[in-house]
Participant: 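Below you will find the structure I want to go over with you.
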There are 2 protein chains.
Amino acid sequence: MICEMRRLPPLAAVRAFEAAARTENFTAAAAELGMTQAAVSYQVKSLEERLGAPLFVREKGRAKLTPLGSRLLPALTGAFDAIEAAFASHRQEDETLLTVTTTHTFANTWLAWRLGGFQMEHPDLAVRMTTSNEVVDLRSGEADIALRAGRGGWEGMEEHELFASTFTPMAGPQCIAQAERKLGRPLEPGDLASETLISPGDEWWEQWFADNGVVAGEQAMRRPGVRLDNQANEGHAAMAGQGFALLTPLLWKGDVAAGRLVIPFPDRLSARGWAYWMVYPKERRMIPKVKRFREWLLAEMAAALATDSLDLEGARPPA
Amino acid sequence: MICEMRRLPPLAAVRAFEAAARTENFTAAAAELGMTQAAVSYQVKSLEERLGAPLFVREKGRAKLTPLGSRLLPALTGAFDAIEAAFASHRQEDETLLTVTTTHTFANTWLAWRLGGFQMEHPDLAVRMTTSNEVVDLRSGEADIALRAGRGGWEGMEEHELFASTFTPMAGPQCIAQAERKLGRPLEPGDLASETLISPGDEWWEQWFADNGVVAGEQAMRRPGVRLDNQANEGHAAMAGQGFALLTPLLWKGDVAAGRLVIPFPDRLSARGWAYWMVYPKERRMIPKVKRFREWLLAEMAAALATDSLDLEGARPPA
DNA sequence: GCAGATCATAAGGCCATCTTATCGATTCTG
DNA sequence: CAGAATCGATAAGATGGCCTTATGATCTGC
């Protein structure tokens, strides 16, 4: 093993010396360090004893640096400045940069549309949004807050349930129109068994078909089809007329309102048993930027939920 | 007052973090720092709490740096390296450079002639000799050892008396010859009253005249004459035939032996009540270079004194 | 599945470090 | 020149930061 042995004097003593040397005044140094003059005197003396050489000459009631002390001082000042700068830059960044991590889906369909509002309300914060799938982000300090789907119960985390993860089939208007033209009547759940599905192999299709008594659903699920890796992509594919996708109504309100997506069976809503959560380490809950984001998000979410969810025509402009 | 407030985390924690981060291994870091793994864990944790952000991600029983930790590490390593280097250079210099401070006189007449011998015996030491008159040199660390004239009793200093500071008139041989030719007989103490003195106003002339019952000495002392500021210069002036100087026999042995200086009254020796001393701070007596020089000097001095003192113009060995 | 390595944590002790108080020396000031 | 103010050294005493020991949990490799 590489044992790069360091031989350093006690750092508390070095620190006291540096401050004392910089001012050539033990009393002032003590004030700067938040301790007493006696403590500085003690530390300086102990450092001198350790070095076996004097750092100050005491004369006429003052302390003046010896040549050795003068030689030592600049390097030490530089070193402490470097340490301070390292932590200061962290603190600076930590106070002014808020990083939110979330899923592609939630980012795309909800957060990205509203994050500008938060930024407007808090111009002193730099906001960064990243998308990823690991909750580890929080433990490793890569993000301050996570917005995630799951069942909750993350160890050591403060959690706020935002909304339940429900889903129902949606498709582009032309897709619906075409199907109904073909059938000559409004769509019914069972009809989807013969329509093109997006991510047909998905277990949630199985659940939805079961929830709605569609036995023939399995055929549709076995048909080849595009398999996409997140709901955001599925939604966009649906809007592009690629078929029916299972989507969470809350997340697509805007597109539904704008007519880009149609919900054929507004009352045929399934639930995953999941929810979306806002999550952050318990111990960071009092940090200002975390607090501000939490409050903003909860208000925003409340507004989003306030619109009658079944009355799905629409995303309302956020309060 | 300029209160350049620094906000630094506890340095012990920073130090532990730096070592732990460098190796990404708390156990190894603990070994390097000479403490236990538990202590490193404790310190790292305390630093993380202070920062409000994790520095390591603990997973699979290992600790891996977070991005924040990685960003911090280089600056901290650099800072500690700088501190280490500062003290190391001092230590290096302190171990290999021996500085002796002494008077012009002793340097000129004794030490300079023999210091080469010490250097030969200790080629690993760099030896530096400076001449000055302040004992403060030692307290300020400018020199390791002082060779000084005085009465002893320096506070906090280890002292070795080397030899008593005695003196007797000396002059160049031509000067003596000229005077005796003029008188037609060997010189006697009283004759100096009408000879040219070097530094005639010096109180030691007064003492020497008194010690030797020369009442008329005062005349000579009031005559104008060159006043030199140290015995080295006075001795050289005497050798140049400028007159009679009061010199310490031990210091001029070589010149006397070579015939460049003559001692007209070898038994008319006065003492100043002073001695020459080797002096150094008590607490430094065990430092190798100090020890080595001390032993060398005492041996050298013993050798110099070993030659029968009365036979040789009479320096007496100190008690 | 056991041995070995690594980190976390609890409990407890102790000494380094700090504070308070006081003194002596020097400098400032009216 | 006296008194006030400033500054550093030092003694005595308190405390809590820091370290150790001991143990547990987790992961890896044989």
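In what follows, every chain begins at residue 1, and chains take the letters A, B, ... in the order their sequences are listed.
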Participant: Strictly below 4.0 Å, N to O, side chains only: are B:R22 and B:E18 in salt-bridge contact?
Facilitator: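 Yes, this pair counts.
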Participant: When you look at A:E295 and A:K291, which way does the salt bridge (Lys or Arg N to Asp or Glu O under 4.0 Å) test go after all the steps?
Facilitator: CA-CA 6 Å; A:E295 281 159 12; A:K291 210 165 160 184; 5.4 Å; no
Participant: Of all residues at least two apart in sequence or in a different chain, which pass the salt bridge (charged side-chain N to carboxylate O under 4.0 Å, His left out) check with B:K289?
Facilitator: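 B:K289 satisfies salt bridge (charged side-chain N to carboxylate O under 4.0 Å, His left out) with B:D94, B:D144 only.
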Participant: For the helix from C:dG1-D:dC30 to C:dG30-D:dC1, what angle separates the axis at the start from the axis at the finish, each from five pairs, in steps of 10°?
Facilitator: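 The angle separating the two end axes equals 40°.
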Participant: Give every residue pair that meets the ring pair (Phe, Tyr, Trp, His ring centres under 6.0 Å) criterion with at least one member in residues 57-84 of chain B, sequence neighbours excluded.
Facilitator: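 Checked against ring pair (Phe, Tyr, Trp, His ring centres under 6.0 Å) - neighbours excluded - no pair reaches residues 57-84 of chain B.
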Participant: First and last nucleotide of DNA chain C in contact with chain B, 5' to 3', at under 4.0 Å to a heavy atom: what are they?
Facilitator: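 Boundary nucleotides touching chain B, in 5' to 3' order, are C:dT6 to C:dT9.
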Participant: So does B:R284 pair up with B:E158, basic N to acidic O under 4.0 Å?
Facilitator: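 No salt bridge links B:R284 with B:E158.
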Participant: In chain order, what residues pass the salt bridge (charged side-chain N to carboxylate O under 4.0 Å, His left out) check against B:E48, with sequence neighbours excluded?
Facilitator: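 With neighbours one apart ignored, the set is B:R58.
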Participant: Any residue in residues 40-47 of chain A with a heavy atom nearer than 4.0 angstrom to DNA chain D? Just list them by number, or reply none.
Facilitator: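 Heavy-atom contacts with DNA chain D come from A:S41, A:K45.
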Participant: Pick the nucleotide of DNA chain C nearest each of A:R62 and A:A12; which residue has the one closer to the 5' end?
Facilitator: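 The residue closer to the strand's 5' end, by nearest nucleotide, is A:A12.
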Participant: In sequence, state the C-alpha distance, the side-chain angles, and the governing distance for B:S199 and B:R227, and then conclude on side chain to side chain donor-acceptor pair (under 3.5 Å).
Facilitator: CA-CA 4 Å; B:S199 298; B:R227 172 92 195 214; 4.6 Å; no
Participant: Taking ring-ring contact (aromatic ring centres under 6.0 Å, His included) as the test, write out the residues that go with B:F118, two or more places apart.
Facilitator: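 With sequence neighbours excluded, B:F118 shows a ring-ring contact (aromatic ring centres under 6.0 Å, His included) to B:H122, B:F293, B:W296, given in chain and number order.
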Participant: Tell me, please, which residues at least two apart from B:R71 pass salt bridge (charged side-chain N to carboxylate O under 4.0 Å, His left out).
Facilitator: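 Applying salt bridge (charged side-chain N to carboxylate O under 4.0 Å, His left out) to B:R71 gives A:E93.
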Participant: Under the ring-ring contact (aromatic ring centres under 6.0 Å, His included) rule, collect the residues that match up with B:F56, sequence neighbours excluded.
Facilitator: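 Scan of B:F56 (ring-ring contact (aromatic ring centres under 6.0 Å, His included), adjacent residues dropped) gives B:F17, B:F26.
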Participant: Who passes ring-ring contact (aromatic ring centres under 6.0 Å, His included) against B:W204, sequence neighbours left out?
Facilitator: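 B:W204 satisfies ring-ring contact (aromatic ring centres under 6.0 Å, His included) with B:F167, B:W274 once adjacent residues are dropped.
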Participant: As an exercise, state the distance from CG of B:L8 to CZ of B:R50, rounded to the nearest 0.5 Å.
Facilitator: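 Separation between the atoms: 8.5 Å.
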Participant: Hey, where on DNA chain D does chain B first and last touch, going 5' to 3'? Cut-off is any atom under 4.0 Å from a heavy atom.
Facilitator: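 So the contact region on DNA chain D extends D:dC18 to D:dT28.
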Participant: Which part of the nucleic acid does B:T36 contact within heavy-atom distance under 4.0 Å: base, sugar-phosphate only, or nothing?
Facilitator: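 It contacts base atoms.
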Participant: Between B:A63 and A:A39, who's closer to the 5' end of DNA chain C by nearest nucleotide?
Facilitator: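 Nearest nucleotide further toward 5': that of B:A63.
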Participant: Test of understanding: with ring-ring contact (aromatic ring centres under 6.0 Å, His included), list the residues that count as partners of A:Y280, not counting sequence neighbours.
Facilitator: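 In terms of ring-ring contact (aromatic ring centres under 6.0 Å, His included), with neighbours along the sequence ignored, A:Y280 is linked to A:H160.
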